[in-house]
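One-based numbering, in listed order, for ligands and for the atoms of each. Bear in mind that the values here come from a model prediction, so they are computed numbers and not experimental data. Computed from heavy atoms alone, side chains included, the values below leave out hydrogens, waters and symmetry copies.
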Amino acid sequence: MEAGTISRLLQPMKQSSNPSNFSSNSSMFCPRTRLMPACHVSHGGREMNPTEQELSLVLSSENKKSSVFGGSSLHRPVHKRDPVGKTFCSVGAYTYPGSIAESPSQTTEEKIGVLLLNLGGPDTLHDVQPFLFNLFADPDIIRLPRLFRFLQRPLAQLISVLRAPKSKEGYAAIGGGSPLRKITDEQASALKMALETKEVPANVYVAMRYWHPFTEEAVHQIKRDGITKLVVLPLYPQYSISTTGSSVRALQNIFKDDSYLSRLPVAIIESWYQRQGYIKSMADLIEKELHNFSNPEEVMIFFSAHGVPVSYVEDAGDPYRDQMEECISLIMNELKARGTNNHHTLAYQSRVGPVQWLKPYTDEVLVELGKKGVKSLLAVPVSFVSEHIETLEEIDMEYKELALESGIENWGRVPALNCTSSFITDLADAVIEVLPSAMAMSTSSGAEEEVDNDPMQYFIKMLFGSLLAFVFLFSPKMVSAFRKNIL
Ligand SMILES: C=CC1=C(C)c2cc3[nH]c(cc4nc(cc5[nH]c(cc1n2)c(C)c5CCC(=O)O)C(CCC(=O)O)=C4C)c(C)c3C=C
Ligand SMILES: [Fe+2]
């Protein structure tokens, strides 16, 4: 099999062909999308797959244009605060004793929970390969056609083993593990305090997609604590199928079969890059770093975003690139309004595997800028709000070295927002604003499993899949093609 075939296999499928985990037991649902009650649902400018549409019944975007509710009422700033109960004690620390309730409390006492969704990272070098396995086993990261989905785990095993040495080097260079868990816990703590200051006491939980604390662990604690209203806040400013989309789908899979959780009112903030508090906090950090240069006005502001395969955007309708571009223009407008008129550019970093990713690529642009005579450059990581391997190793080490080799003389980097107080305060406002829109997720009955249980389809899948797996996994040519692209 040619490497191109693998590339195509690794490309995202069209959303419409991916009705994963969707089902409905309600006749009120639209027959095409099975969404209640509107059929045409847009999500950041694309049509969502049915799973996402079902999710969107409870989805609350900061972006009015991408609201599935279409109305304005959900997005109006809410001046009236929800009645809240007593103050809770835990922040991502799962110490609250007690038995698990069958359903959210029917009493008037409200217990608000905020669930922070994040990617997670290996705590030690020993964790790197299993962490990578979890990442590549996610069908939102390697999107195989339905027929080949049973290959997901063997493929994840192969890729994680091949990728692990390179990843380990990176994690070793930043101290032997990812700082994500610690920083996310600190953000959770700071958010809890900010909510308390605003008289909205809440428990704040952390759910990581690919490493501890896993989504299941956080959800288990939410049940133990008897939370009666939940706000889900992904720590990604911009929406991508590969990040927020994946985490929310994982959450829905847990919620759909659980009587307590499927009745729990939930509001999901799907993206928040356009919030004034976030934009102003980013502009503050950029202004501050510019002042470290001897000629701040000559510095090129270089936004570097984590990339995604181009097919996510062009075939699967991922709104990530549009949201990223809008985000950059909002930050630049804010800087202009403050009298900062520097040149800027956006590029995408961290590509993995043999497919095309969003362009331009950060490494190529750095070389071009050097050739063009740019002497001072300020790198701004923009797709993520914590320091992590891609800021601490890729930008601070690899890209800095490349930039200096390419002729750039003065290098700076804006720190990640981490626990910047204006940013955390704004997240608290975002939580408070969506609280009134929390709705119970709908229950589902497993239509997809019915399809999978068809013996004929199962037989055909297994036959073709096994043949493909054999050729794919045992061909030395394929392994070396992968090795070349992945390492
Ligand atoms: C907005 C942020 C991110 C997007 C979009 C994203 C997409 C994406 N990532 C990979 C592959 C890898 N990502 C890895 C780590 C990693 N990625 C993000 C953020 C986004 N990923 C974070 C925050 C981290 C964790 C960093 C940490 O400190 O632990 C890794 C592992 C690290 C490495 O080996 O480089 C891989 C691999 C894909 C394939 C993808 C879109 C399809
Ligand atoms: Fe990533």
Answer with yes or no whether [X] contacts ligand 1, where contact means a heavy atom under 4.0 Å from a ligand atom.
X	result
Gly170	no
Tyr239	no
Glu394	no

Cationic N near anionic O, under 4.0 Å, Asp123 to Lys182: no
Please report which non-hydrogen protein atom sits nearest to [atom], along with the residue it belongs to and the distance in Å to one decimal place.
atom	value
atom 34 (O) of ligand 1	Ser167 OG, 2.3 Å
atom 15 (C) of ligand 1	Glu390 OE2, 3.8 Å
atom 4 (C) of ligand 1	Thr243 CG2, 3.4 Å
atom 24 (C) of ligand 1	Leu119 CD2, 3.2 Å
atom 32 (C) of ligand 1	Tyr171 OH, 3.7 Å
atom 7 (C) of ligand 1	His306 CE1, 3.5 Å
atom 26 (C) of ligand 1	Ile389 CG2, 3.4 Å

Check against side chain to side chain contact (heavy atoms under 4.5 Å, CB included), Trp272 and Leu233: CA-CA 9 Å; Trp272 39 270; Leu233 176 56; 3.8 Å; yes
Geometric class of the Phe131/Trp211 ring pair [parallel <30°, tilted 30-60°, perpendicular >60°]: perpendicular
Side chain, backbone, both or neither: the part of Pro309 lying under 4.0 Å from ligand 1 by heavy atom: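 It is the side chain that gets close, since no backbone atom is under 4.0 Å.
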Arg209 versus Ser246, side-chain donor and acceptor atoms under 3.5 Å: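 Their side chains do contain a donor-acceptor pair, which is all the 3.5 Å distance test asks for.
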Atom indices of ligand 1, in the order listed, that fall short of 4.0 Å to a heavy atom of Phe131: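 Answer for ligand 1: 31 (C).
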The one among Trp357, Tyr210, Phe384, Phe136 that brings a heavy atom closest to atom 38 (C) of ligand 1: Trp357
Candidate with minimal heavy-atom separation from atom 12 (C) of ligand 1, of Leu135, Asn118, Ile141, Ile241: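 Result: the heavy atom closest to atom 12 (C) of ligand 1 is in Leu135.
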Any donor-acceptor N/O pair, Lys400 side chain to Trp411 backbone, under 3.5 Å: no
